[in-house]
Amino acid sequence: MVQFNLKGITVVPSEKELVDIILSRTQRQTPTVVHKGSRIKIIREFYMHKVKFTGENFKKKLSGIIDDFPRLEAINPFYSDLFHVLYNKDHFKLALAQVNKARNQISKIATDYIRLLKYGDSLYRCKCLKVSALGRMCTVIKGIGPSLAYLEQVRQHMARLPSIDPNMRTILICGCPNVGKSSFMNKITRADVDEQPYAFTTKSLFVGHTDYNCLRYQVIDTPGILDRPFEDRNIIEMCSITALAHLRSAVLFFLDVSGSCGYSIAQQAALFHSIKSLFLNKPLMIVCNKIDLQPMHALSVEDKRLVDEMKAEAQKTLSIGGDQNGEQQVLFTMSTLTNEGVSTAKNTACERILGHRLKLK
Ligand SMILES: Nc1nc2c(ncn2[C@@H]2O[C@H](COP(=O)(O)OP(=O)(O)OP(=O)(O)O)[C@@H](O)[C@H]2O)c(=O)[nH]1
Ligand SMILES: [Mg+2]
């Protein structure tokens, strides 16, 4: 699997910059004077060289752009899906295809005009052909202006994405919005994720690292997910879904038992059941957060039943995933405010993902 270098893509110039770069290079790096009295062969070669040189440079620059961007089929499926969620795969491929088409057109213009120049019979005629060739090349470049601008935007956005290593030991934090995912992330890593008392504070994936027993673990904080049909989910939620679907990780499903997040336990349980297929084959833990506001023993009968249902479901997922010790603890309680249960949850998650990976090996 090709490692996808998010930050290594060079700046994509605008169409104007591209034309300026290439034309000034032609001016600086090719001979500048030819005498009227020179033999016609010399004059033709003089202008042919200019056309060829300009065409090659355009082609080199465009090839550089095409090669720099990742081939979506060759990179890790997590990244190719995330790419699709964020930038739309079709739009991206179309932009690259247009750059490629421009490259071919420029190639053809260069060959055509070089052929015509072979029959140029005067300095004036040869010069006109050269001007026309370069002009047509620039027109082609102008045509791909929007594609270049789009690719540059993708590049800038990509450079700001977190560097997630899909093959590392990973702990993934998910759940409804506002349940305290980022608070937990900030407790166990040195990441500084924004935590606010409203939904969708976290708008993209965040990565931090934590150590346990001399090993390093990658912790991923995801944006909150709402319980609604797949096609209604927004880009922010889809980032979480992509991470859940592709990363081999221990999953911590956060449950706000106090309901202060704005979602009742029933709503959170509905979300759990709607995305439970994504938890298959992963060590899953249900973390009941904010027990400082709502102790577990004071839960209503109905809420208790919902939590028990989720617990049973989680245990089932574990045993389907080949985990024979079906009675593993899956329900944890925590308060990121008082620190109660924070380290237990973290340590257990680390042990589980380590054990899971060893088993897979
Ligand atoms: N009382 C109490 N409040 C908490 C606890 N954990 C988090 N909070 C508060 O809950 C609010 C939301 O916390 P965040 O960590 O931003 O929640 P989040 O799940 O990351 O939210 P999104 O990023 O919007 O999905 C903040 O105001 C926190 O102070 C807790 O254990 N007890
Ligand atoms: Mg958050």
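All heavy atoms count here, side chains included; hydrogens, waters and symmetry mates do not. Remember, it's 1-based here, ligands and their atoms both numbered in the order they're listed. If you read the sequence from its start, that first residue is 1, and numbering goes on from there.
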Taking only heavy atoms of G224 into account, list the atoms of ligand 1 that are under 4.0 Å away from them. 25 (O)

K187, NZ: over 12 other non-hydrogen atoms inside 6.0 angstrom: yes

Take atom CD in E302; do more than 12 heavy atoms of anything else shown fall under 6.0 Å from it? yes

Over 60° means perpendicular and under 30° means parallel, so tell me whether Y212 and Y217 are parallel, tilted or perpendicular. tilted

Q218 side chain to D165 side chain, donor-acceptor N/O pair below 3.5 angstrom: no

Close-contact set for ligand 1 against P197 heavy atoms, below 4.0 Å: 27 (O)

For atom 7 (C) of ligand 1, grab the closest protein heavy atom and report residue, atom and distance to one decimal in Å. S183 OG, 3.3 Å

Going by the angle between their ring planes, with limits at 30° and 60°, are F83 and F92 parallel, tilted or perpendicular? perpendicular

Where is the tightest heavy-atom contact between K181 and T222, given as atom of each residue plus distance? CE-O, 3.3 Å

Search all heavy atoms of A314 against all heavy atoms of L284 and return the closest pair with its distance. CB-CD2, 3.7 Å

Quick one: look up the protein heavy atom nearest atom 22 (P) of ligand 1 and list residue, atom name and how far away it is. N178 N, 3.5 Å

Before giving the answer on side-chain hydrogen bond (donor to acceptor under 3.5 Å, both in side chains), spell out for S182 and D221 the whole-Å C-alpha distance, their side-chain angles and the decisive distance to 0.1 Å. CA-CA 6 Å; S182 303; D221 180 20; 2.7 Å; yes

What about F272 and F279, are their ring centers closer than 6.0 Å? yes

Got the closest protein heavy atom to atom 20 (O) of ligand 1, with its distance? S182 OG, 2.7 Å

Taking atom 25 (O) of ligand 1 as the reference point, the nearest protein heavy atom with its distance: K181 NZ, 2.9 Å

Heteroatom proximity flag, D221 to ligand 1, N/O under 3.5 Å: no

Heteroatoms of the protein, restricted to N/O/S, which lie under 2.8 Å from the Mg ion (ligand 2): S182 OG, T202 OG1

Atom 17 (O) of ligand 1: the protein heavy-atom neighbour that sits closest, reported with distance to 0.1 Å: G180 N, 3.1 Å

Atom 8 (N) of ligand 1 has as its nearest protein heavy atom K290 CE, 3.7 Å

Which of the atoms in ligand 1, numbered in the order shown and given with their element, are less than 4.0 Å from a heavy-atom of T336? 5 (C), 6 (N), 7 (C), 30 (C), 31 (O)

Under 4.0 Å from a heavy atom of L337: give me the atoms of ligand 1 that qualify, with their elements. 1 (N), 30 (C), 31 (O), 32 (N)

Interfacing atoms of ligand 1 (cut-off 4.0 Å, heavy-atom, L293): 1 (N)

Kindly confirm or rule out an N or O of C176 lying under 3.5 angstrom from an N or O of ligand 1. no

What's the shortest heavy-atom distance between L271 and G175, and which atoms? CD2-C, 4.0 Å

In I22, N57, I141, the residue satisfying side-chain contact (heavy atoms from CB on, under 4.5 Å) with I106 is I141

Short list, please: which atoms of ligand 1 are under 4.0 Å from a heavy atom of Y198? 24 (O)

Check: L244 main-chain N/O paired with K282 side-chain donor or acceptor under 3.5 Å: yes

Atoms of ligand 1 close to E195 [distance to a heavy atom under 4.0 angstrom, numbered from 1]: 14 (P), 15 (O), 16 (O)

Per-residue contact class, N289 against ligand 1 - non-hydrogen pairs under 4.0 Å: side chain

What do we get for D292 next to ligand 1 when only non-hydrogen atoms under 4.0 Å count, side chain, backbone, both or neither? side chain

For P31, does its backbone N or O pair with a side-chain atom of K50 as donor and acceptor, under 3.5 Å? yes

Less than 3.5 Å between some nitrogen or oxygen of A199 and one of ligand 1, yes or no? no

For P283 and S249, which heavy atoms make the closest approach, and how far apart are they? CD-O, 3.6 Å

Starting from atom 23 (O) of ligand 1, what is the nearest protein heavy atom, named by residue and atom, and what distance separates them? T202 OG1, 2.7 Å

For ligand 1, does Q196 get within less than 4.0 Å through its side chain, its backbone, both, or neither, judged by non-hydrogen atoms? backbone

Enumerated ligand 1 atoms positioned under 4.0 Å from heavy atoms of F200: 24 (O)

Does a side-chain N-to-carboxylate-O contact under 4.0 Å join K16 and D20? yes

Within this structure, what is the CG-OG1 distance for the pair L215 and T210, rounded to the nearest 0.5 Å? 11.5 Å

